[in-house]
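Both backbone and side-chain heavy atoms feed into the values below; hydrogens, waters and symmetry mates do not. Please read all numbers here as calculations on a predicted model, not as lab measurements. Here, residue 1 is the first one in the sequence, and each next residue gets the next number.
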Amino acid sequence: REQNEFRFNSFTFLLNPSSIKIGSKFKLLILVLIKPDNFERRLLIRHTWASVNANLTKTVFVCGLAKHDSVNSLLKYESAQFNDIIQADFNEDYFNLTLKTMIAFKWVSMHFETNQLDFVLKIDDDVVVDIKKLLFIMQNDFDSKKLMVFCYMIAGVSPIRDRKSKFYISESEYAGNLFPDYCAGSAYMLSHLLVKKIGSLDRFKDYIKFEDVYITGILREHFGGNI
């Protein structure tokens, strides 16, 4: 395959929330991207903002494989207790965030039909969500029937070609002089319709390691979505 082509159907889900029953309907699904060993933070989230309006929302935690088997074993035990963890067989790493998010969207596309879910919120684990306020805003201003991303938009950003930078990207990975408009990666919400389209991909040749640019910029534009 090409250097920047990636297959998204070659991974296995090791942990899968059994608390989401077939036919379940939610206004909002929240995907929290988190490291496997952040046990205390997951517990804090469960007992604080994620417990609000649980009949309209569902929060799940998305993890890769930890380096140490002991952590993966503890995560399996935690999953059996709380039924809210997705884990797939890829290595947990900062530059696997694109892969991590794509696998999470793949999971959503496998478990929810269009009429079972309106929106998907992807967040980092250090983000706090005011669910009541968000649901109120969604009710009045957001249309789930469009290919939309809702976020803090970033525009006019050029790829960094300095090899010393953490955010270096080569021209072979991304040839353009400007990234498409994209969302700040810490939190963005997509219509379920757009998530299903992204999650249905088996491969995509323009894969890059910057998750926010790839998901909310390149793929959004590919499917004709708007910010």
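Looking only at side-chain heavy atoms (C-beta outward), V32 and V62 stay at 4.5 Å or farther from each other. Looking at K145 and L193, their side chains never come closer than 4.5 Å, going by heavy atoms from C-beta outward. Between L135 and V52 there is no side-chain heavy-atom pair separated by less than 4.5 Å. Within the 4.5 Å cutoff, the side chain of I86 has heavy atoms near those of the P17 side chain. Side-chain contact check for V120 versus V108: some heavy-atom pair is nearer than 4.5 Å. Within the 4.5 Å cutoff, no side-chain heavy atoms of D206 are placed close to those of H222. The shortest side-chain heavy-atom distance between K196 and T114 falls under the 4.5 Å cut-off. Between S109 and S200, every side-chain heavy-atom pair lies at or beyond the 4.5 Å cut-off.
No chain of hydrophobic side-chain contacts below 4.5 Å, direct or via other Ile, Leu, Val, Met, Phe, Trp or Tyr residues, connects L121 to I198. Residue V60 is not grouped with residue W49 when hydrophobic side chains (ILVMFWY) are merged at heavy-atom distances under 4.5 angstrom, including chains of intermediate members. When the side chains of ILVMFWY residues are joined at heavy-atom separations under 4.5 Å, either directly or via intervening members, L99 and L97 end up in a single hydrophobic cluster. Under a hydrophobic clustering in which Ile, Leu, Val, Met, Phe, Trp and Tyr are joined whenever their side-chain heavy atoms come within less than 4.5 Å, directly or via other members, V195 and F112 fall into the same cluster. Hydrophobic clustering, with ILVMFWY side chains joined whenever heavy atoms are under 4.5 angstrom apart, groups L56 together with I45.
Within 6.0 Å of the NZ atom in K197, the count of heavy atoms belonging to other residues, nucleotides or ligands does not exceed 12. Around atom OH of Y152, no more than 12 heavy atoms belonging to other residues, nucleotides or ligands sit under 6.0 Å away. In this structure, H68 places its NE2 atom where only 12 or fewer heavy-atom neighbours from other residues, nucleotides or ligands lie under 6.0 Å away. Within a 6.0 Å sphere centred on CZ of F223, heavy atoms belonging to other residues, nucleotides or ligands number more than 12. Within a 6.0 Å sphere centred on CD of E40, heavy atoms belonging to other residues, nucleotides or ligands number 12 at most. In the displayed structure, N177 atom CG is contacted under 6.0 Å by at most 12 heavy atoms of other residues, nucleotides or ligands.
Between E211 and K100 there is no salt bridge, since none of the side-chain N atoms of the basic residue sits less than 4.0 Å from a carboxylate O of the acidic one. Here K106 pairs with D202 in a salt bridge; the nearest charged N to carboxylate O distance falls below 4.0 Å. Salt bridge status for D69 with K67: absent, with no side-chain N to carboxylate O gap under 4.0 Å. Note on E78 versus R46: salt bridge recorded, some NZ/NE/NH1/NH2 to OD/OE distance being below 4.0 Å.
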- Task: For the pair Q87 and N16, evaluate side chain to side chain donor-acceptor pair (under 3.5 Å) and give the outcome as yes or no after the intermediate values.
- Result: CA-CA 7 Å; Q87 186 188 37; N16 198 350; over 6 Å; no
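Closest approach of F119 and D143 over heavy atoms only: CZ-C, 3.9 Å. Closest of all the heavy-atom pairs between T98 and F210 is OG1-C, 3.4 Å. When all heavy atoms of T12 and D89 are compared, the pair lying nearest together is N-OD1, 2.7 Å. Of all heavy-atom pairs spanning I34 and D125, the tightest one is CG1-OD2, 3.2 Å. Heavy atoms only, all atoms of each residue included: R161 and I169 are closest at NH1-O, 2.7 Å. The two residues C183 and T216 come nearest to each other via the heavy atoms N-OG1, 2.8 Å.
Taking the centre and axis of the six-membered ring of Y182, the NZ or CZ atom of R220 falls outside the cone set by 45° and 6.0 Å. Cation-pi geometry between K209 and F95 is satisfied (NZ or CZ under 6.0 Å from the ring centre, within 45° of the ring normal). Note that R42 lies in the cation-pi zone of F39, set by a 6.0 Å cut-off to the ring centre and a 45° limit from the axis.
Looking only at atom types and distance, the side chain of N91 has no donor-acceptor partner in the side chain of N96 under 3.5 Å away.
With values rounded to the nearest 0.5 angstrom, C151 atom SG is found 9.5 Å from D181 atom CG. Here the straight-line distance linking atom CG of D124 with atom CG of L31 works out to 12.0 Å at 0.5 Å rounding. One distance of note links NE2 of H192 with CD of Q116; it measures 7.5 Å at 0.5 Å rounding. Atoms CG and OG, on L194 and S144 in that order, are 12.5 Å from each other to the nearest 0.5 Å. One finds the CG atom of L33 at 11.5 Å from the CZ atom of F61 (value rounded to the nearest 0.5 Å). For the atom pair CD (Q81) and CG (L43), the distance works out to 8.0 Å, reported to the nearest 0.5 Å.
Using a distance-only test at 3.5 Å, with no hydrogens or angles considered, no donor-acceptor pair links the side chain of E221 to the main chain of I218. Proximity of a side-chain donor or acceptor of D118 to a complementary backbone N or O of L28 within less than 3.5 Å is not detected. Distance alone, capped at 3.5 Å, places no donor-acceptor pair between the S165 side chain and the D162 backbone. E173 places a side-chain N or O within donor-acceptor distance of the main-chain N or O of S170, the cut-off being under 3.5 Å. With hydrogens and angles disregarded, a donor-acceptor distance shorter than 3.5 Å links the side chain of S191 to the backbone of K146. Formation of a donor-acceptor pair under 3.5 Å by the K27 side chain with backbone atoms of N55 is not found in this model.
Here F142 and F150 bring their ring centres to under 6.0 angstrom of each other.
Results of the side-chain contact (heavy atoms from CB on, under 4.5 Å) test with Y188 over I215, I227, I123 single out I215 as the only residue that passes.
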